[in-house]
There are 2 protein chains.
Amino acid sequence: MEITRQNFKESLSTVYSAVEEADFLAIDGEFSGISDGPSVSALTNGMDTPEERYGKLRKHSMDFLLFQFGLCTFRYDQTQAKYLTKSFNFYIFPKPFSRTSPDIKFICQSSSIDFLASQGFDFNKVFRSGIPYLNQEEESQLREQYEEKRNQMNGSGTPSYISPSSGKAAVNVPDEHKDFISRVVEKVEALLSNSEKTVDLEPCSGFQRKLIYQTLNWKFPKGLHIETVETEKKERFIQVSKVDEEERRRMEQQKQEREQEELNDAVGFSRVVHAISKSGKLVVGHNMLLDVMHTIHQFYCPLPEELEDFKEVTMCVFPRLLDTKLMASTQPFKDLITNTSLAELEKQLKEKPFKAPKVDCCEGFQCYDTASEQLHEAGYDAYITGLCFISMANYLGTFLTPPKPHISARSKLIEPFYNKLFLMRVIDIPYLNISGPDLQPKRDHVLYVTFPKEWKTSDLYQLFSAFGNIQVSWIDDTSAFVSLSQVEQVQIAMNTSQYAESYRIQTYAEYMQSKHKHTHT
Amino acid sequence: MEITRQNFKESLSTVYSAVEEADFLAIDGEFSGISDGPSVSALTNGMDTPEERYGKLRKHSMDFLLFQFGLCTFRYDQTQAKYLTKSFNFYIFPKPFSRTSPDIKFICQSSSIDFLASQGFDFNKVFRSGIPYLNQEEESQLREQYEEKRNQMNGSGTPSYISPSSGKAAVNVPDEHKDFISRVVEKVEALLSNSEKTVDLEPCSGFQRKLIYQTLNWKFPKGLHIETVETEKKERFIQVSKVDEEERRRMEQQKQEREQEELNDAVGFSRVVHAISKSGKLVVGHNMLLDVMHTIHQFYCPLPEELEDFKEVTMCVFPRLLDTKLMASTQPFKDLITNTSLAELEKQLKEKPFKAPKVDCCEGFQCYDTASEQLHEAGYDAYITGLCFISMANYLGTFLTPPKPHISARSKLIEPFYNKLFLMRVIDIPYLNISGPDLQPKRDHVLYVTFPKEWKTSDLYQLFSAFGNIQVSWIDDTSAFVSLSQVEQVQIAMNTSQYAESYRIQTYAEYMQSKHKHTHT
Ligand SMILES: Nc1nc2c(ncn2[C@@H]2O[C@H](COP(=O)(O)OP(=O)(O)O)[C@@H](O)[C@H]2O)c(=O)[nH]1
Ligand SMILES: Nc1nc2c(ncn2[C@@H]2O[C@H](COP(=O)(O)OP(=O)(O)O)[C@@H](O)[C@H]2O)c(=O)[nH]1
């Protein structure tokens, strides 16, 4: 189901009930870019610590826009012994909802845009019809703005600041506006004594409108309803209506309801994420660290600086996560699966020893055909991510005695995979552990090497050729980590390097220490 | 005429000849945003100096993308006594052209994107079919890369750096690649002794390809043509062909021509800007400072830091500019024209005392109908900018004795308007003078005032209410410039403020001095 600004409101209850009835959810996001650093690989060094990796992704990836969000809900039907799916493809765009709303800037990376364009991605749908959203801070601010305005209109706004115009009469009208305001008062007095129901004042500035509200609320505390109306040309004027108390209350209540609706519209897509979050359901994704980071950053709060705090926020928003790329890279799957990229994984998980899961789409929902791939539409990617999870979960059931063909999303067998998010291209730390401390592999055999920028990988192989197998992790064009195969070789390498002019070596421990010094003084 | 990546090459000669035959050109650009600062108006203070304004626009506006460029050429036909137009609408996007090409990041501002979306702007056309481009630096780099590769393939590349692998045999093959390379040599020897014409080597890494080129060029200096070919799956392998000397030269020349074509494709839209620049023709725009800045920044070079250097570059790229917004804001037009926004200006310039110009579109080109506006398509905006220029130029002719109905783009009457680009919202400096020093209005009557952030414009009016008319130019929410109507009032204001607690006053001269100190120490 494709959801845009146009059908968002009417579809929301469908989304809510799909989430509520589901056994688990799969999600996927499409972004306007991945990294604003010099190169993606400089961002993902093979020797990053979890803290370093999180810090780099936070710094270099969060200014991109998550502009398509895929959600696929999976409900297991016992009687049919199959899963029933509902998949949603949300287009998302921070359309400014009023003159004072935040004007979001986001970065686009031409390689990412070009890639999506080549897949037929519909940018017009994003920019013309994307659903708006607010994070929690913006939502409260907007709520406060509405309340403040309401107070001001009721005349109960008290200016609490030092201003040359405060501390005088109840309504202090500056000289240059005195004429204007007394003309307004005359018009309203005329209204009160004639048979008309309303009078439209002339368009005027925001400051003048404030003066009008203050003056009229003070002079005519009862019997009037005052409202700002916008013309087609976006000019604003004030409309004054004669009302009795009951009518006045009714109109005010209507106004409040209208405001609540405006607020809901502005919160927009964030409401879907809130629903996913509140459901507490298992949320499955493929290589989902960036998806989780973007979702929290865009719809909850700017990401915290420290990894520990990020883990805490994540556990609040998504209490149970599962990353199919991490699952496929872990035993017993690791030995059976050669390629863990989403499309390849999905293919392999249909073949022996795995089994294609039995799945049907619910009525009124798009039925994706995995034979004719629709890759990189977020809704489709979420769908096949869910299929991968089911296949792998069911495979775990074959080890039980007696074997079980269906393993539910709540099974104990799945628990070891909870809240471990795949860490791309880190040599010795497979995942980020969201609900606990991270792995701390020894790095005694790792050297930090600096050299002239003309060096290539082959030069490093040459340099360490005496030591047999080495592993190179480029940092930038004048430095890299080199992992030796044996710890004992480290001292030899350090000794030899003392007399070298073109390159320099430090142990990993020395490197981390001096790095720490740099950032903490 | 709509020009995208698909029809760019075949349309280029049409563009070139339209530029060559034209009497003048009109241009317009559409951008992905205007300002990444806190607010557009904070970017355009009423008391900016030209240097300050240029610096702010350079810093806060150049990371947006110019993604649609409108060009309309105007040629005067004496016999028909009317202008003939050709209008072009170019879609522009920095599609990465190879694996090593720069991966441009650009900012989008949601208000600008939303505005264009509401006008029906086609983002899919930009991102799927935009014409690529290179600036001059990138163009030379790419040219050098091609040359370097050619040298390397001819075996004449000399590594000029300190490397543990240099200074040994002619081709130093690392141990782990020795087997691979000797298998390649065997295959080529087999080719030389059998009746086949070519042999395809297996796909391999860039480093291995380099070794192959070096080895084969060294072992078989004659009789072979070696070339890297890409499979459909983007794997690269080397193809070796047996050739005699003549054939070899011919193939190498073909290769060079192919490379030149690839280079031209990569330079892309910049070639159009080069053509406009070389033509030396008058280039007309409406409120064109940002258009000029973006055009130079994107297609020539990153903008220089200093305004003086920017003026110099601009005069090289666009030797004759004319801004219709500045022209319309200058006498004799200023008194006749109430609204200088493009759409309004165009309407007014059809009415008395002006005359709608006689214009026809050339065959094969889109004829815009100014009655049904197509505003904010760059090609249309360029077209009506040209119309405005013609109307105003011809109006100047009515002052001649005898009056002349047609004033050419080369007329002396136009010269006073050359190279003066409209400065938006600067109170006392109407334009940036590209070909000379800027105006330096006295600012003796201007105060720099700081105050609590709760203050509003009305508080400032209140504060200076004794001095009659004042003009407020907000800087940010705790400071503003206040222009008094008489210089003599400055001293009085300064004296009074000495005892004030909530606000502070400096003269404009004091403010500039302390600002200067801050930025230069
Ligand atoms: N001097 C040098 N730097 C390299 C080389 N290969 C990679 N780098 C640097 O290391 C960074 C990461 O390299 P890599 O992981 O190979 O990824 P990629 O360059 O993005 O394809 C690059 O951005 C370069 O700055 C090399 O052969 N020589
Ligand atoms: N404290 C205060 N700051 C203001 C007020 N009006 C404008 N500003 C500040 O001055 C900047 C420029 O204001 P303005 O030229 O009115 O443009 P706008 O705020 O973008 O519509 C704003 O971004 C605010 O920071 C005001 O009434 N009070």
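Quick note on labels: first sequence line is chain A, next is B, and so on, each numbered from 1.
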So for A:Tyr461, is it side chain, backbone, both, or neither that comes closer than 4.5 Å to the heavy atoms of chain B?
side chain
For B:Val126 and A:Phe123, what are the C-alpha separation, side-chain angles and deciding distance, and is it a side chain to side chain contact (heavy atoms under 4.5 Å, CB included)?
CA-CA 10 Å; B:Val126 167; A:Phe123 297 96; over 6 Å; no
Is it true that atom CG of A:Asn469 has more than 12 heavy atoms of other residues, nucleotides or ligands lying nearer than 6.0 Å?
no
Name the option with the most non-hydrogen atom pairs under 4.5 Å to chain A; the candidates are B:Gly33, B:Gly120, B:Ser465, B:Gly130.
B:Gly120
Is A:Asp63 in contact with chain B via its backbone, its side chain, both, or neither, using a 4.5 Å heavy-atom distance?
neither
Is chain A contacted by the side chain of B:Phe207, its backbone, both, or neither, given a heavy-atom distance below 4.5 Å?
side chain
Would you name the heavy atoms of A:Asn124 and B:Phe121 that are closest together and state the gap between them?
OD1-O, 3.8 Å
How many angstroms lie between atom CG of B:Leu116 and atom CZ of A:Phe127, to the nearest 0.5 angstrom?
10.5 Å
How long is the gap from NZ on A:Lys105 to CD1 on B:Ile107, to the nearest 0.5 Å?
8.5 Å
B:Ser110 side-chain N/O to A:Ile104 backbone N/O, donor-acceptor pair under 3.5 Å
yes
Once you round to the nearest 0.5 Å, how far does SG of B:Cys108 lie from CZ of A:Phe93?
7.5 Å
Is A:Asp103 reaching over with its side chain to a backbone N or O of B:Ser111, donor-acceptor style, under 3.5 angstrom?
yes
Side chain, backbone, both or neither: which part of B:Tyr503 has a heavy atom under 4.5 Å from chain A?
neither
